[in-house]
Protein chains: 4
Amino acid sequence: MPSPAAGRPARADARKNQDALLAAARTVFARSGVDAPAREIAAEGGVGVGTLYRNFPTRSDLVAAVFTTEIDATAAAAAEFLATEAPGAALEHWIARFTRFVATKQGLSAALRSGDPAFDALPGYFAEKLGPAMRSLLDAAEASGDVRPGVDPLDLLQAVGDLSHRAPSADGSPNAMVRLLLDGLRTREADAATQRPASS
Amino acid sequence: MPSPAAGRPARADARKNQDALLAAARTVFARSGVDAPAREIAAEGGVGVGTLYRNFPTRSDLVAAVFTTEIDATAAAAAEFLATEAPGAALEHWIARFTRFVATKQGLSAALRSGDPAFDALPGYFAEKLGPAMRSLLDAAEASGDVRPGVDPLDLLQAVGDLSHRAPSADGSPNAMVRLLLDGLRTREADAATQRPASS
Amino acid sequence: MPSPAAGRPARADARKNQDALLAAARTVFARSGVDAPAREIAAEGGVGVGTLYRNFPTRSDLVAAVFTTEIDATAAAAAEFLATEAPGAALEHWIARFTRFVATKQGLSAALRSGDPAFDALPGYFAEKLGPAMRSLLDAAEASGDVRPGVDPLDLLQAVGDLSHRAPSADGSPNAMVRLLLDGLRTREADAATQRPASS
Amino acid sequence: MPSPAAGRPARADARKNQDALLAAARTVFARSGVDAPAREIAAEGGVGVGTLYRNFPTRSDLVAAVFTTEIDATAAAAAEFLATEAPGAALEHWIARFTRFVATKQGLSAALRSGDPAFDALPGYFAEKLGPAMRSLLDAAEASGDVRPGVDPLDLLQAVGDLSHRAPSADGSPNAMVRLLLDGLRTREADAATQRPASS
DNA sequence: AATGAATGAGACTTCATTCAT
DNA sequence: GATGAATGAAGTCTCATTCAT
């Protein structure tokens, strides 16, 4: 064991608990919504409620932390997909991932609107992190001709988010309305053909 | 059985309370979500909790009643608008109204998914009442050339509903994404021009 | 219809309700104990709660009335049995009947001890009515040699009552401990024979 | 897992509360019956309702615990009495004690019959613990000639229990009917004379 | 620092009782 | 007089949160 840099072990422990709680909260929020009992989250994380309260004094702190964490992870996935897939596929996959992220947040949008100051920074964080991520995917897809230009990344994100809201969606793929929206996003080569013929 | 022809006396009062409770629930649901304390609803309606429980034994009974009532009112508005406005305006106004109805239902979609059997009939009722209403508005608007044909009323309703979800919207008009969706609904005269560069 | 004596019909109605309530209370007390909801009793009697309260302002009034009524009926049965059966059988049948009366009064003894003044007269009424009834049955049975003499009727009644307390008893016959007590009551002809032989 | 040898710290407190609640329940059950408000029991024990619910999630858990505890204490008293008193006195005292235990259980027999599965094991526990205790006392008393042989301990226990049911009994001694029963239990020297007319 | 026991506010629900019709 | 709707007190139970160990 080549102890790296004589760090204080207590820190490691604290960090471990924080991570465990974050993961637990993610799980529980998805299962029972953001109003799930604190005890359920602590139990899922394998710690006592006291520890939960020490690390996240208020529920909104925890919610915000989970939200932030997931935004980070989701944003990071964009670069990863772009690096390993064709632009169209990357965009599609990433939206599917974003969709699952949203679906996981039972009751979050209601919480956001609650006026709790702990949430004030969240929309900004969302825009700051996911806006550029979406932008990069759209740029690539526009360049490759997969989607038409002129779409605002945040508008799209919001729309997809809203449409994903009620859809736990069987296999993890976006629900019908999202697919509809995405279809509309593609370039209109074929679309035009569909629309031109003799209308009924 | 004394006086044969006499109607049921106390009924008038009971009915009044029921209406008061329905109105109160509508108000409170919009303000605090469908999970608002029973006492708050009773107080808003100016009755005791006991009365609330007598008239609506379970919370889902009340939710379902409010939902049903509003669906009826919303559906009825369609005919009214059609009779007094031009097709395009009628459609637009009605959707704005529908949008407000949805925005009022904080947490309803989550409740719907709760599996409570009291909600089983609701989606069907929604489709049965609002489908034809939307259909009639779309027909008129299509006939007058305001919107393009081929739109499924229920799909549209669902999409608008989902997009309205998080938007109490300042002045009562639909939010940006809904407007976007509605723009897409209009006839593509201009749209087509934009998309088909060389139409010659 | 030879109207008997031009009585006021209202009276008949009132009496009918009272009887219906008494019967209903008997049924419900047996089913759910003397603390059963007032509404359940009113419903069983086919009247509104208001009528219940008009006829029996307090629960104890009703309990006392039922109790009194049944004491009367039980006392009356003694003479009837004596007139139609042999003394031993009459005694036995009557005790079985008394046993059922007691078993029917779930929680009555607790209520009796509650200190409610409405119950003050009950023990006296019990003694006054059932004491003589039991006395007459015992006298006959003693005379016929079926039971040994020297048993106090009220003591016996109380003991049987207490022992019947926890025994809904399958077919309506007294439970094991009561039977034991009654066995002890019989003349010891056979008993002596049983006891004399070689003790273990 | 830090300090290995250290016991569980907070346990002492928890145990103390549990005991306090058990004692409180015993007191309150005796005073107000087994249906006494949860809050009353918690208050008597000097704890919050939450603690009551934590330690005894359902009322039947508490009832069963009190019952079990008292059965244990009552059973233990048998050996104690046997060791310090003459067999006849030990039996008498123990029955008096048992009588008080039963008198304390206002409404318990009704609860037992409620069908709550939490009570299923109680009759068995009663028999298992008190049967042998009574047996040992009877054996000693039979050997010393104080009581006649052939009495089933559980039958006797049940009979005494039922007869004690309604008798809080002034000075703590069994009520009249129980005394009657116990008189019948004593050896029949005199009794036999009375019963066997021509013994010669 | 972590733990989980204790607390008690507050939500739910049931009924006894009153009273307008 | 009868009815049953309304009331609200009272009891149950569930957590969020604190705090001793």
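Each chain gets a letter, A, B and so on, in the order its sequence line appears, and its residues count up from 1. Source: prediction; values computed, not measured.
Applying the side-chain hydrogen bond (donor to acceptor under 3.5 Å, both in side chains) definition to pairs two or more places apart or across chains, those involving residues 17-29 of chain B are B:R15-B:D19. A side-chain hydrogen bond (donor to acceptor under 3.5 Å, both in side chains) check over residues 45-54 of chain A, counting only residues at least two apart or in different chains, returns nothing.
Among E:dA16, F:dT12, F:dG4, the nucleotide with an atom closest to any side-chain atom of B:R54 is F:dG4.
Rounded to whole Å, atom P of F:dG1 lies 15 Å from atom CG of C:L21. The CG-P distance, from C:L62 to E:dA16, rounds to 12 Å in whole Å. The separation between B:R15 atom CZ and F:dA6 atom P is 13 Å, rounded to whole Å. Atom CG in C:D61 sits about 15 Å away from atom P in E:dA16, given to the nearest Å. The separation between C:F56 atom CZ and E:dT17 atom C1' is 17 Å, rounded to whole Å.
Remark: side-chain polar atoms of D:R39 are not paired, donor with acceptor, to backbone N or O of D:G48 under 3.5 angstrom. Checking side-chain atoms of B:R59 against main-chain N and O of B:A36 turns up a donor-acceptor pair under 3.5 Å.
The side-chain contact (heavy atoms from CB on, under 4.5 Å) search around B:A65 returns B:L22, B:F56, not counting sequence neighbours. Applying the salt bridge (charged side-chain N to carboxylate O under 4.0 Å, His left out) rule to B:D72 yields the partners B:K129; only residues at least two apart in sequence or on another chain are considered. In this structure, the salt bridge (charged side-chain N to carboxylate O under 4.0 Å, His left out) partners of A:R31, at least two apart in sequence or on a different chain, are A:E40, A:E44. Checked against side-chain contact (heavy atoms from CB on, under 4.5 Å), B:L122 has the following partners two or more places apart in sequence or in another chain: B:A64, B:F67, B:T68, B:L112, B:F119. For A:T58, the side chain to side chain donor-acceptor pair (under 3.5 Å) partners two or more places apart in sequence, or in a different chain, are A:S60, A:D61.
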Dump the intermediate steps for side-chain contact (heavy atoms from CB on, under 4.5 Å) on D:L108 and D:F29, then the final yes or no. CA-CA 9 Å; D:L108 176 66; D:F29 285 169; over 6 Å; no
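Each of C:N17 and B:Q18 has a nearest nucleotide on DNA chain F; the 5'-most of these lies closest to C:N17. Of the two residues near DNA chain E, B:P57 and C:R59, the one whose nearest nucleotide lies more 5' is B:P57.
Contacts of residues 33-43 of chain D with DNA chain E (heavy atom under 4.0 Å): none. Contact check of residues 44-53 of chain A against DNA chain E (heavy atom, cut-off under 4.0 Å) returns A:V47, A:G48, A:V49, A:G50, A:T51.
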Dot-bracket pairing map - DNA chain F, Watson-Crick plus G-U, both contacts under 3.5 Å, | cross-strand: .||||||||||||||||||||
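Between B:E70 and B:T104 there is a side-chain heavy-atom pair separated by less than 4.5 Å.
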